[in-house]
Amino acid sequence: AAGSASGGMAGSAAGGPPGLPEVSADGDGDFIVGPNYTNEKELSEQGNTKGKSFSFNMALADSKLFDGKDPTLTKAANTTRSINVYIPAKYQDGTPAALLVIQDGPGELNQVSRALDNLTGETDPMRKLPPFIAVAVQNGGNDSIGSERGLEYDTVSDKYARFIDTEVLPAVINDAKIKAAYPGLKFTTDPSGRATMGCSSGGAAAFTMAWFRPDLFSRVVAYSATLVAQQNSKAPEAAMYPNGAWDYHSIKELIKNDTEGREKKLRIFINANENDNGSTAAESGKHNWLMANQRTAAALKAKGFHYKYIEGKGQGHCAGTVKSATMATVLMWLWRGYVPSGK
């Protein structure tokens, strides 16, 4: 699995402000994996009952938040985005569903769906996953500063979280095929039951969704997270956060200076790899992915978050080997302590 922790801090204390329930710090901290990797068996086919898969498209032009026409864009956007949904076999229609939003859909949906098939039936509470619904959302198009994807993922604000909450999730519930199969489908409004995942800028988006809207999302998985200065300098948010996601851990030190008790509200996994983007001296500074994630892990630890940081030896950006060797362990850690609230 993930190796031996080199340190970790517990999260919120009992009796503190509303947030995630306090659980063991086991599995928190900093880990090294590799250079040899083995795929986790929980991510493979094991003959367990499968859930149901659905897909549909959303037209960008119909969006009130990301219609592809933002004046800061320099790259044309897609005209539609695909939405892929996996509803595990153990989800009971009519109950408020826990949720995992995956950026760059379908992204890691195959691995996540197999983990759901294999781990929702576990009896060990340290291994059991709740039957959350996975919603994989395609980005709006292209991959650069000034692109629709960059606008959605690298902008440091709550805009993308609002897009998911007010546009994507209602579209899932109202999709004709999904509604026919699950007429009582609804998503929990409890942030403890709402997680988000991504890699690269999708990982930065996952982090930002929870950071700016802990009332909507509380659990984060971010592989090779782009916690660097990738935000479009023409975006209005640049006036407040000129270094983009680099400001989380450096310059403005948003994590260190947080006064809203996010360490009691969020549970965060991040990753970077030895040969990740910007790992050479010529590409260092505000575009060094390894440095950014190391600094973020240190800031989360110092602040007292439940966090998990995994560094992959000998691997590069968004390495599939690292995901396949860790994702089941990460998901089991991520959902620890979740108790459905009924809302």
Side-chain angles (χ1 to χ4, degrees), residues 53-87 99-113 133-179 187 195-209 212-213 216-217 221-226 228 230-238 244-245 277 317-318 320 323:
S53 298
F54 302 88
S55 64
F56 62 93
N57 291 327
M58 294 178 66
L60 264 70
D62 293 340
S63 174
K64 295 180 180 179
L65 293 170
F66 293 112
D67 62 4
K69 299 176 182 178
D70 190 283
T72 68
L73 293 179
T74 58
K75 300 285 186 179
N78 296 340
T79 58
T80 63
R81 70 173 82 237
S82 65
I83 310 295
N84 289 270
V85 179
Y86 187 77
I87 302 180
L99 166 71
L100 172 67
V101 176
I102 302 173
Q103 275 60 249
D104 285 319
E108 297 81 14
L109 184 58
N110 283 341
Q111 291 169 309
V112 169
S113 62
I133 294 176
V135 178
V137 183
Q138 184 186 20
N139 65 69
N142 300 302
D143 184 17
S144 64
I145 297 174
S147 69
E148 180 66 34
R149 179 178 186 267
L151 179 71
E152 294 169 6
Y153 290 173
D154 296 313
T155 301
V156 179
S157 76
D158 75 339
K159 188 176 180 180
Y160 184 72
R162 288 188 287 116
F163 166 68
I164 295 296
D165 188 58
T166 64
E167 297 189 16
V168 174
L169 298 185
V172 171
I173 291 173
N174 291 317
D175 177 72
K177 291 182 179 178
I178 295 176
K179 187 177 286 291
F187 292 112
T196 180
M197 170 186 285
C199 197
S200 192
S201 288
F207 192 101
T208 294
M209 289 166 71
F212 279 85
R213 294 303 301 268
L216 295 178
F217 300 95
V221 175
Y223 282 94
S224 286
T226 301
V228 301
Q230 192 91 336
Q231 179 174 255
N232 187 345
S233 62
K234 297 179 181 179
E237 289 83 356
N277 287 354
H317 192 60
C318 283
K323 293 180 190 178

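Predicted model, so just to flag it, every value in this text is computed and none were measured.
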Show, in sequence, the C-alpha distance, side-chain angles and deciding distance for I178 and I173, and conclude whether the side chain to side chain contact (heavy atoms under 4.5 Å, CB included) test is met.
CA-CA 7 Å; I178 295 176; I173 291 173; over 6 Å; no

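- Side-chain contact between L60 and T79 is absent, with no heavy atoms from C-beta onward closer than 4.5 Å.
- The heavy-atom pair separating I164 from M209 by the smallest distance is CG1-CE, 4.0 Å.
- Side-chain contact between T226 and Y153 is absent, with no heavy atoms from C-beta onward closer than 4.5 Å.
- Under the 3.5 Å distance criterion, with hydrogens and angles disregarded, a donor-acceptor pair is assigned to the side chains of E167 and S63.
- Between atom CD1 of residue I133 and atom CD1 of residue I87 there is a gap of 4.5 Å, rounded to the nearest 0.5 Å.
- Taking CD1 from I83 and CG from L169, the interatomic distance works out to 9.5 Å, rounded to the nearest 0.5 Å.
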T155 and N232: CA distance, side-chain angles, deciding distance, side chain to side chain contact (heavy atoms under 4.5 Å, CB included) verdict
CA-CA 7 Å; T155 301; N232 187 345; 5.9 Å; no

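- Checked against salt bridge (charged side-chain N to carboxylate O under 4.0 Å, His left out), D158 has the following partners two or more places apart in sequence or in another chain: R162, R213.
- Put simply, CG on L151 and CG on N139 are 11.5 Å apart, with the number rounded to the nearest 0.5 Å.
- Residues A222 and G203 come closest through the heavy atom pair CB-O, 3.5 Å.
- Contacts of F66 classified as ring-ring contact (aromatic ring centres under 6.0 Å, His included), with partners at least two apart in sequence or in another chain: F163.
- Sorted by first and then second residue, the salt bridge (Lys or Arg N to Asp or Glu O under 4.0 Å) pairs involving residues 139-154 (not counting sequence neighbours) are R81-E152, D104-R149, D143-R149.
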Kindly determine whether T166 and K64 satisfy side chain to side chain contact (heavy atoms under 4.5 Å, CB included), including the steps that lead there.
CA-CA 10 Å; T166 64; K64 295 180 180 179; over 6 Å; no

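- Under the 3.5 Å distance criterion, with hydrogens and angles disregarded, a donor-acceptor pair is assigned to the side chains of Y160 and Q103.
- The CE atom of M197 sits 6.0 Å away from the CD atom of E108 when rounded to the nearest 0.5 Å.
- Remark: the backbone N or O of A161 is not paired with any side-chain donor or acceptor of D165 at under 3.5 angstrom.
- A donor-acceptor distance shorter than 3.5 angstrom exists from the side chain of Q231 to the backbone of V156, with no hydrogens or angles considered.
- Across all non-hydrogen atoms, the minimal contact from G68 to A77 is CA-CB, 3.9 Å.
- Across every non-hydrogen atom of F56 and V85, the tightest pair is CE2-CG2, 4.4 Å.
- In terms of heavy-atom proximity, S144 sits nearest to S147 at O-OG, 2.6 Å.
- Residues meeting the side-chain contact (heavy atoms from CB on, under 4.5 Å) test with S224, sequence neighbours left out: C199, N271, N273, D276, H317, C318.
- In this structure a side-chain-to-backbone donor-acceptor pair under 3.5 Å is missing from T196 to A206.
- F187 is linked by a ring-ring contact (aromatic ring centres under 6.0 Å, His included) to nothing, counting only residues two or more places apart in sequence or in another chain.
- Pairing each heavy atom of L65 with each of K159, the nearest pair is O-CE, 3.0 Å.
- A search for side-chain contact (heavy atoms from CB on, under 4.5 Å) contacts involving K177 returns F54, D175, not counting sequence neighbours.
- To the nearest 0.5 Å, atoms CG (N57) and CG (N84) are separated by 9.0 Å.
- For the atom pair CD of Q230 and OG of S200, the computed distance is 7.5 Å after rounding to the nearest 0.5 Å.
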